[in-house]
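Here's the structure we're looking at; comments come further down.
Source: prediction; values computed, not measured. Numbered from 1 within each chain, the chains take letters A, B, ... in sequence-line order.
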Protein chains: 2
Amino acid sequence: MSDTPSLDSPIAELCREKGMKLTGQRRTIAHVLSESDDHPDVEELYRRAMAVDPRISIATVYRTVRLFEEHGILHRRDFGGGRARYERTDDHQHYHLIDIESGRVTEFEDAALEKLLETIAARMGYDLVSRRLELFGRARSRKSKA
Amino acid sequence: MSDTPSLDSPIAELCREKGMKLTGQRRTIAHVLSESDDHPDVEELYRRAMAVDPRISIATVYRTVRLFEEHGILHRRDFGGGRARYERTDDHQHYHLIDIESGRVTEFEDAALEKLLETIAARMGYDLVSRRLELFGRARSRKSKA
DNA sequence: CTACGTGCAAAGGCTTTGCTGAAGT
DNA sequence: ACTTCAGCAAAGCCTTTGCACGTAG
C-alpha cells in the first residue's frame, strides 16, 4: 500500500532527490508543508503534523525544518513576535504585508521595489545580498472593493 | 556639584519632562544612550552603563529600555540574531543597511522608497502603519572610493 | 548491519518578574 | 512618608541538544 514511493508529496520527493533519509516523520512533515500555503511557525507545524501522525515530537519538527532550510527547501522568516515562521522556498523574490488587526500575511512581488533596493544599496557602496521587508498595514474601510 | 539637574543628558531631560522618576540608574542609562549613535543591544548598553556606574544590574537595563520605549524615547529594532537592539527615536523615517561581513549598521533615508511602500500597501487595500526593512549587503570592491 | 533519526527531558539564550530592601519626590 | 525602583535569582518562552533506543537503506 505504500510501495509506490514516487507518490509522496512534492517536498518528500525533494528530500529523496537530495538524498536525505526519508523517515516517517519527515514524510509527514513534508506532506504537511506541501499542503501549506501560509507561513506557519513550528508550533503550528507540530499541530498539523500531529493531526496526521500523533507519534511525532516537537524536537523532530525543529530538527526537520532546520534540515529543510539547510537544503534550501524552506525559508525561515521572522515576522517579529519571537518565533520563526516557515514557507516553501519560492523562485520569485517576494515580500510580505501583515494585517495588523488579523495577523494575516499576504505576499506580494514588486519589480520596481526590488530594483530600487538594489539601487539604494549600490549608492551606498554595497552589493545587495539579501533584504528583509515587511509592511504592516490596516485594511482600508473599503468603499469600492467589498 | 550635582544640584544642577538641568545639566543632565538630553535623554535624562526627556525623562524629567515626561515625569518619570529620575533614579541614578536611569540617569546613567540615559547618559549612555545620549552618547550612543549606534544600535546597541541590552548587553552592550549594560556594559556601557557599568563603565559609568558598576552598581547597575542587567534587569534594570531591561526595565529601563522598555520604559523608555513605552515613553517614545527609544525604538526597539530587530536585526535578527534574537536580540533586540535600541536606538534613539528619530523624527525621520529611516532604514538600515547591515554590512554582512562586519555587522556594521548604516542608516539611510529615501523618500522615493517611502512613497513606493505606501503605494504598494494602498494598491493592496491597506494603509501603511509601519514597516520593517533591512538591507544586507557586501561592501563593493571599491575602485573609486578608497 | 550500520549510520542516522527520534523522543524525552534537560539545558541554553534572551527577556521578564516576584520579592525585599533601597531610594526619589 | 509613600510610592516607585533596583538587585537578585527564579521562571518563561523559543529553540537546541545529550543520550539511549529505533529505523531506513
Side-chain angles (χ1 to χ4, degrees), chain A residues 2-6 8 12-32 39-47 49-50 52-71 73-74 76-86, chain B residues 2-6 8 12-13 15-32 39-47 49-50 52-71 74 76-86:
Chain A
S2 59
D3 32 304
T4 28
S6 310
D8 268 329
E13 267 312 305
L14 272 178
C15 293
R16 189 188 316 283
E17 285 167 23
K18 301 201 181 241
M20 42 186 116
K21 208 178 262 192
L22 206 37
T23 66
Q25 290 88 332
R26 287 188 188 162
R27 195 176 267 112
T28 298
I29 295 169
H31 168 75
V32 161
H39 308 75
D41 58 25
V42 168
E43 198 78 41
E44 176 62 24
L45 283 175
Y46 177 49
R47 241 174 270 126
M50 287 245 287
V52 177
D53 174 7
R55 312 179 323 157
I56 208 166
S57 85
I58 196 160
T60 295
V61 180
Y62 272 105
R63 279 192 272 239
T64 304
V65 291
R66 180 182 247 249
L67 182 76
F68 285 5
E69 195 199 358
E70 284 162 357
H71 284 262
I73 294 174
L74 286 184
R76 186 201 304 239
R77 297 284 182 182
D78 173 11
F79 296 156
R83 332 126 98 84
R85 301 178 62 174
Y86 291 87
Chain B
S2 59
D3 30 303
T4 29
S6 310
D8 267 330
E13 269 312 306
C15 293
R16 191 190 313 285
E17 285 167 23
K18 301 203 180 237
M20 43 186 113
K21 206 179 264 193
L22 205 38
T23 66
Q25 290 87 333
R26 285 189 190 162
R27 195 176 268 112
T28 298
I29 295 169
H31 168 77
V32 161
H39 309 75
D41 57 26
V42 168
E43 198 79 39
E44 176 61 25
L45 283 175
Y46 177 50
R47 242 174 268 127
M50 287 245 287
V52 177
D53 174 6
R55 312 180 323 157
I56 207 166
S57 85
I58 196 161
T60 296
V61 181
Y62 272 106
R63 279 193 271 238
T64 305
V65 291
R66 180 181 245 247
L67 182 76
F68 285 4
E69 195 198 357
E70 284 163 356
H71 284 263
L74 286 183
R76 187 201 303 239
R77 297 284 182 182
D78 173 12
F79 296 155
R83 337 125 97 87
R85 300 177 63 172
Y86 292 87

* Asked: Rounded to the Å, how far apart are A:Met50 CE and C:dT6 P?
  -> 16 Å
* Whole-Å distance separating the NE2 atom of A:His71 from the P atom of C:dC4 -> 12 Å
* Structure fact -> Sorted by chain and number, sequence neighbours left out, side chain to side chain contact (heavy atoms under 4.5 Å, CB included) with A:Asp78 holds for A:Arg132, B:Asp78, B:Arg132
* State, to the nearest 10°, the angle formed by the axis through the first five base pairs of the helix from C:dC1-D:dG25 to C:dT25-D:dA1 and the axis through its last five. => 30°
* May I ask you to evaluate whether A:Gln25 reaches the phosphate of C:dG7, defined as a side-chain N or O under 4.0 Å from OP1 or OP2? => yes
* Looking at side-chain heavy atoms only, is the closest gap between A:Val52 and A:His31 below 4.5 Å? -> yes
* To do: Taking side chain to side chain contact (heavy atoms under 4.5 Å, CB included) as the test, write out the residues that go with A:Arg47, two or more places apart.
  => A:Glu43, A:Glu44
* Set of ring-ring contact (aromatic ring centres under 6.0 Å, His included) partners for B:Phe79, sequence neighbours left out -> B:His39, B:His96
* What string of B, S and - do you get for nucleotides 8-15 of chain C 5' to 3' if you count protein non-hydrogen atoms under 4.0 Å? -> B-----SB
* To do: With sequence neighbours excluded, tell me which residues meet salt bridge (Lys or Arg N to Asp or Glu O under 4.0 Å) with B:Glu69.
  => B:Arg76
* Output all residues satisfying side chain to side chain contact (heavy atoms under 4.5 Å, CB included) with B:Lys21, sequence neighbours left out; order by chain, then residue number. => B:Arg26
* Asked: Heavy-atom distance under 4.5 Å between the side chains of A:Leu45 and A:Ile29, does that happen here?
  -> no
* To do: Only counting residues at least two apart or in another chain, list the ones meeting side chain to side chain contact (heavy atoms under 4.5 Å, CB included) with A:Arg66.
  => A:Glu70
* **Between P of D:dG22 and CG of A:Asp53, the distance in whole Å** => 17 Å
* To do: Please state how far atom CZ in A:Phe79 lies from atom C1' in D:dC14, giving the value in whole angstrom units.
  => 17 Å
* Asked: Is any side-chain heavy atom of A:Met20 less than 4.5 Å from a side-chain heavy atom of A:Ile73?
  -> yes
* Take the protein atom CG of A:Asp8 and the nucleotide atom P of D:dA24, then report the distance between them rounded to whole Å. => 13 Å
* Structure fact -> Applying side-chain hydrogen bond (donor to acceptor under 3.5 Å, both in side chains) to B:Thr60 and not counting sequence neighbours gives B:Ser57
* Structure fact -> Residue set satisfying side-chain hydrogen bond (donor to acceptor under 3.5 Å, both in side chains) with B:Arg55, at least two apart, ordered chain then number -> none
Nucleotides 21-25 of chain C: which of its N/O atoms have a protein N/O under 3.5 Å away?
residue : atom : partner : partner atom : Å
C:dT25  : OP1  : B:Leu22 : N            : 3.1

* **Distance in angstrom units between A:Glu17 CD and D:dG25 C1', rounded** => 18 Å
